[in-house]
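Taking it in order: structure first as structure tokens, then the write-up.
Side chains are part of it too, since the values below use all heavy atoms of this structure and drop only hydrogens, waters and symmetry mates. Lettering follows sequence order; numbering is per chain, from 1.
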2 protein chains.
Amino acid sequence: MQLLLCVDQMLNQTRASFTREPADMRRQALIEAAAACLAERGVAGTSVRTICARAGVSPGLLRHYFAGVDALIAETYREVTRHVSETFEAAVAAAGESPRARLIAYVTASFRPPITDPSLLATWLAFWSLVKTDADIALIHGETYRAYRDDLEALLAACGMPQASAGPVAIALTALVDGLWLELSLDPTTFTPDQASAMAVRWLDTLLERPAFG
Amino acid sequence: MQLLLCVDQMLNQTRASFTREPADMRRQALIEAAAACLAERGVAGTSVRTICARAGVSPGLLRHYFAGVDALIAETYREVTRHVSETFEAAVAAAGESPRARLIAYVTASFRPPITDPSLLATWLAFWSLVKTDADIALIHGETYRAYRDDLEALLAACGMPQASAGPVAIALTALVDGLWLELSLDPTTFTPDQASAMAVRWLDTLLERPAFG
DNA sequence: CTCCTTGTTATACGATCGTATAACAAGGTG
DNA sequence: CACCTTGTTATACGATCGTATAACAAGGAG
């Protein structure tokens, strides 16, 4: 029953005009639209239709570039993760040569824009809530955290930390940074980004001084 | 058009039998069903129909006891929070008289059942993702974290920590515990609950020894 | 035993969800 | 200029969402 289509034409109503974009651009636009929807409206307000409206395309186009909305979300996770890790690496590069300064830059970058952006919270929570149910998301999550800890271990080793201690210390530092970032994002009134940075540096210095647990 | 109802009766089909329960029991059953749905199926799989099916009642009954599904979720947050804080208090009570032992018991209780239950993750993520959009949830969240930090401050003071330091130290400890709990829940393969406890105790002892930040 | 209150069920309703598919048009190719 | 490919739109479809409401029955009151 495609009668309505014919009727539209008979009434001389016209379709929206459009331009054909390269595949890369369209994919990127959809990924950015998905991230924006998650950030602005949360996971409950992110659907095929809201994403495509945000990207300025019709809803059907999503499935022309992705297997489904879940695949787009997973790709968005990859993209956001990539952006975050690039931010961290830039902070380290800007910190100069001192190993301790580079380590501090890496750890405290989580408490400065664009990582402290409260809209990132909704994005991250959406991904976390998919870790238990979506195998792709779980895989990306595991890789992301491993990469973060590996970077941290390398920076710790550069500060003279013994190989055997770097692993557990990276876990402990990651947890503190994650917890501070999470609580800062959920409720920014309890403490400030500067306080968070000070706490992380304090914990870091403690672990550099005496790295053993137990 | 309630014709079908009449037809049902004409065909001699009967309604499901039911029993009238006290209001408190029904409310509690719905709250527990909501928590179970969140834990087992995540926020995406938690709806009026799934909650009521889990509670063994018809979907319409939810709105007889709650203003809507959002109100039930908020009430569930209160209930889960209450259960968690009771668990913490029981751990402190079982730790004996030593102030340090009581503090350690409070902090490490997060890494033992029933708090380490991976199904709690979905529940908590659902609440967190509502903090930014639901004022009631935001209020409950703020009260919950304040209560946790207040308890922690009291236990720190009992260990001889100066009043001025207890606040920031409570924030730092809460963040580490939260981060460790979160990462343990998301991916239990990276480290063990015992390692998490050891890291928290280590951080705790450090802060007891030299509580100042900056 | 009968009536009445009301807790409960069953169904209806409009909105929105993700996906499928036919019609269309944009833009290169001959 | 005509054709063809295919990126894109528009609409359809079935499922499920939260809520509203009428019919029913459980269980106490008289």
inquiry  = Strictly below 4.0 Å: does R63(B) bring a side-chain N or O up to OP1 or OP2 of dA20(D)?
reply    = yes

key: Watson-Crick/G-U partner (both atom distances under 3.5 Å) of dT19(D)   = dA12(C)

message = Heavy atoms from C-beta onward define the side chain here; which of dT5(D), dT9(D), dT8(C) lies closest to that of R15(A)?
response = dT9(D)

ask   = In terms of side-chain heavy atoms, does D151(A) have a donor or acceptor partner in Y106(A) at a distance below 3.5 Å?
value = yes

Phosphate OP1/OP2 of dG28(C): any R20(A) side-chain N/O under 4.0 Å = no

message = What I want to check is whether the side chains of E89(B) and T87(B) have a donor and an acceptor closer together than 3.5 Å.
response = no

query = Can you check whether A138(A)'s main-chain N or O pairs, donor with acceptor, with K132(A)'s side chain at less than 3.5 Å?
reply = no

ask   = Would a line drawn from the ring center of F191(B) to the ring center of F213(A) be shorter than 6.0 Å?
value = no

message = Nearest whole Å is fine: how far is dT9(C) P from L61(B) CG?
response = 6 Å

request  = Give one of base, sugar-phosphate or nothing for F66(B), where a contact means two heavy atoms less than 4.0 Å apart.
outcome  = nothing

message = From CG of L62(A) over to P of dC17(C), roughly how many Å is that when rounded to an integer?
response = 13 Å

remark   = Correct closest heavy-atom pair for A74(B) and I140(B) would be O-CD1, 3.6 Å

Closest nucleotide among dT19(D), dT8(D), dT19(C) to the V69(B) side chain = dT19(D)

inquiry  = With a 4.0 Å cutoff (strictly under), does any side-chain N or O of Y65(B) reach OP1 or OP2 of dG7(C)?
reply    = no

task = State whether H64(B) places a side-chain N or O below 4.0 Å from either non-bridging phosphate oxygen (OP1 or OP2) of dG7(C).
result = yes

query = In whole Å, what is the span from the CD1 atom of I51(B) to the P atom of dT16(D)?
reply = 16 Å

ask   = Any idea how F127(A) and Y77(A) line up, ring-wise: parallel (<30°), tilted (30 to 60°), or perpendicular (>60°)?
value = parallel

query = Which parts of residues 28-50 of chain A get close to DNA chain C, meaning a heavy atom less than 4.0 angstrom away?
reply = S47(A), V48(A), R49(A)

task = Measure the distance from CZ on F18(A) to P on dT6(D) and round it to the nearest whole Å.
result = 14 Å

task = For the residue pair W181(B) and W124(B), categorise the inter-ring angle as parallel (less than 30°), tilted (30 to 60°) or perpendicular (more than 60°).
result = perpendicular

request  = Can you tell me the distance, in whole Å, between the CG atom of D70(A) and the C1' atom of dC17(C)?
outcome  = 12 Å

remark   = note: R26(A), atom CZ; dA26(C), atom C1'; distance rounded to Å ~ 12 Å

